[in-house]
Each structure stands twice: as structure tokens, then as C-alpha cells.
Amino acid sequence: MKKRIQLPLKAKAMVALAFIMLHGVMVTAPVFGQSADAMIRDYVQAYADDPMAMNAYFGIKVEEDWWTVKVERNERGYLVGKSQKYTFHEMGPHNVSVEKGKPSRPTWYFHCPDMSTLRSLYTNELTAGTASMRTRESDPQPLFGVADMEGFSSGQGETALAYLTMEHFWKKGNGEVTPFGRDKSMETHGAMMVSLYTMKDKRIGWFSLGQMKVANAEEDIQSSQVPNLFIITSGKGKAVVNGEEMDIDKGMSFFVPPYIQHKLYNPYEEPLEGVLVLFGDNIDYVWGQSYIGFLEQEYAFYQENETRVKQGDKN
């Protein structure tokens, strides 16, 4: 039997510090010894104090086990300013409950096929948005995703709610830090990507394109119904937009309108990296409405909503 080595307290602290510096994340619990139930209840407890929580009823499925989560948002307005005419809000603590078992009525749910993915989310090694990425709907199921229970069909409203809940429920802490880098990325559209923030109308990701790699190489994915904004932060490369090639370099951005073909490629040794902002979901504009037509209706709503709120209707 081997003799157990006892490290001095100072040495133990140095080992712990080295681990934190190496991984960039401090794990405050023995994650690999925790059950799925313990991790999910930890998420639920943290979500009760999240200012971005919204009213929701949804399921969580990890491997073959189910949980049901119900969220009732608490919001309190208060007047500020010298004349007390402006309103700020306190958000939370919210009423967030979790029960083991499948939701009693059909709804949408988060699907995590294996424990290793749940642990990667819990330790902030992978974001839920990154784990849910894929290039085409026909691709194999991702590591994580949102699905509908039998008897339930999500519309745009439920999908928007699921996106926002996914973004905030699966991140803990006030800062909700999202580490990014090639080691935390997954491949989609030919580039390595990390989902930084996901909403229905704005999906923001970090991308890295290695030497001789091409993003959007296949013609059928070179255009979309929504605009794309590329912000180049390091490296250099080439972009082909509407058939015209241009040089792209760090410190610049370029905007691609809807239905304009585009691809990026990197002939250089240094990775081409930056931030991509997608304004919406393609699936929302395949039934006849255009993104620009949607914006016109959205801006009309802003005007109507301002009038209604000023008249005292806050709902």
C-alpha cells in the first residue's frame, strides 16, 4: 500500500492557484462527483436572482431523466429623479421551482443527451448556445438543444423565450462570463465558433478561421434571410461578398445584407478571428415575410408601445 503524501497548507494553496490559473475557471464543488439533480438545482437557485429571468414553464431532460421548472418573475418599479417622473425596476428574487419528473403538460424543454455535456456547461467550459450549434437542420443532433414535447409546437414567441432562458438559465453569477477561444469552440459553417449571446433577434458569436479554412464554402449556405455583421479582431483574410473579393483585416467590420452571397477564407498562417452578429433567425422569414418587412412592423410597434406606456398601461 502506497503511503499518502500530505502537502503543507501553503503548498496545497499553490496547487489550487495553479489549477485556477491554468483553467481560467474556479470550480467551487467536486463537479464530477455531483449528480445531475444537484447541478440542476444549483442552476435553479442561481436563476432566482437573475434580472433577465422571464415567466416560463419548461422541462429539462438529461439522458433519460426529466425535471420540470416553473418561473414566476418578480418585478418592482420605483420612481427616480428630482421630479420623480422616471421609473427604474428591481428584478427578483423570482419564484423558481424545480420538480423531478416530466412536465405534466406539454411544453418545450432543454435536451442534454449525456452527463459530460452537462458537466461542461456547469464548469463554464462550454456554453449552451455553443453546444446547440449546427450548420444545417439536417445535421446530426447537437450536444445540447431545445425541443418540443409530444403534443406541443413552439411558435416564434416560445422559441424566443427558450433562447433567452437558455442564455441565462445555464450561466451562473452576476457577470455571466463566457470564455471563448479555439479550445472552447465547435465547428459550424467551416469556422470554429463560440456562442457569446443568443436571442431571437440577435445571435452573437466569436469565430476563428484557421489557415486555408473557408467559412460558408458550400453555395447553399452562402446567403441567408438575415443580415450578418462581421467584426475582425485579429489576423487577416479574404471575403467574397456578392461575387467581389476584398481584403479583411483586424480593426475593421463589414455588413452583409439579407440574400447577399458571402464567404470568408484565410490563406495566412495566423487565424482570422472576430465577432459575428446575426440579426434574427432564417426560419422566421421563409414563409413570405422579409426581415426588412418585419423591421417596419417592429418600429411601428415601438411607436404604439410608447403611447400606451405613457398613458399608464405598463403591460
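- For Asp281 and Arg203, the salt-bridge test passes: some basic side-chain N is under 4.0 Å from an acidic carboxylate O.
- If you take CD1 on Ile292 and OH on Tyr285, they are separated by 9.5 Å, rounding to the nearest 0.5 Å.
- Side-chain N or O atoms of Ser120 include one that pairs as donor or acceptor with a backbone N or O of Ser116 at under 3.5 Å.
- Using a distance-only test at 3.5 Å, with no hydrogens or angles considered, no donor-acceptor pair links the side chain of Glu270 to the main chain of Lys236.
- Expressed to the nearest 0.5 Å, how far CE of Met115 lies from CD of Gln34 amounts to 9.0 Å.
- Ring pair Phe180/Trp206 is tilted by interplanar angle, where 30° to 60° counts as tilted.
- Put simply, the side chain of Asn55 gets close to the backbone of Arg73: a donor and an acceptor are under 3.5 Å apart.
- Residue Glu99 qualifies as open at atom CD: its count of foreign heavy atoms under 6.0 Å is 12 or below.
- With no hydrogens or angles considered, a side-chain donor-acceptor pair links Thr178 and Lys171 at under 3.5 Å.
- Under the 4.0 Å criterion applied to side-chain N and carboxylate O atoms, Arg41 and Asp37 are assigned as salt-bridge partners.
- Side-chain contact check for Tyr299 and Gln303: no donor-acceptor pair (N or O, by modelled atom type) lies under 3.5 Å.
- Remark: side-chain polar atoms of Gln84 are paired, donor with acceptor, to backbone N or O of Gly81 under 3.5 angstrom.
- A donor-acceptor contact shorter than 3.5 Å links the side chain of Asn266 to the backbone of Leu209.
- Under the 3.5 Å distance criterion, with hydrogens and angles disregarded, no donor-acceptor pair is assigned to the side chains of Thr233 and Glu273.
- Using a 30° and 60° split on the angle between ring planes, Phe58 and Phe169 fall in the perpendicular class, above 60°.
- No hydrogens or angles considered: nothing links the side chains of Ser153 and Asp148 as a donor-acceptor pair under 3.5 Å.
- Within 6.0 Å of CD on Gln45 lie no more than 12 heavy atoms contributed by other residues, nucleotides or ligands.
- Side chains of Ser195 and Thr198: a donor-acceptor N/O pair is present below 3.5 angstrom, by distance only.
- Between Glu72 and Lys70 there is a salt bridge, since a side-chain N of the basic residue sits under 4.0 Å from a carboxylate O of the acidic one.
- Separation of atoms OG1 (Thr68) and OH (Tyr109) is listed at 12.5 Å; rounding is to 0.5 Å.
- A parallel orientation is assigned to the rings of Phe230 and Phe254, their planes being inclined by less than 30° (bins at 30° and 60°).
- Remark: side-chain polar atoms of His262 are paired, donor with acceptor, to backbone N or O of Ile260 under 3.5 angstrom.
- Between the side chains of Asn74 and His94, no donor N or O sits under 3.5 Å from an acceptor N or O.
- Atom CE of Met193 sits about 7.5 Å away from atom CZ of Phe207, to the nearest 0.5 Å.
- Judged by distance alone, the side chain of Tyr43 and the main-chain N or O of Tyr122 form a donor-acceptor pair under 3.5 Å.
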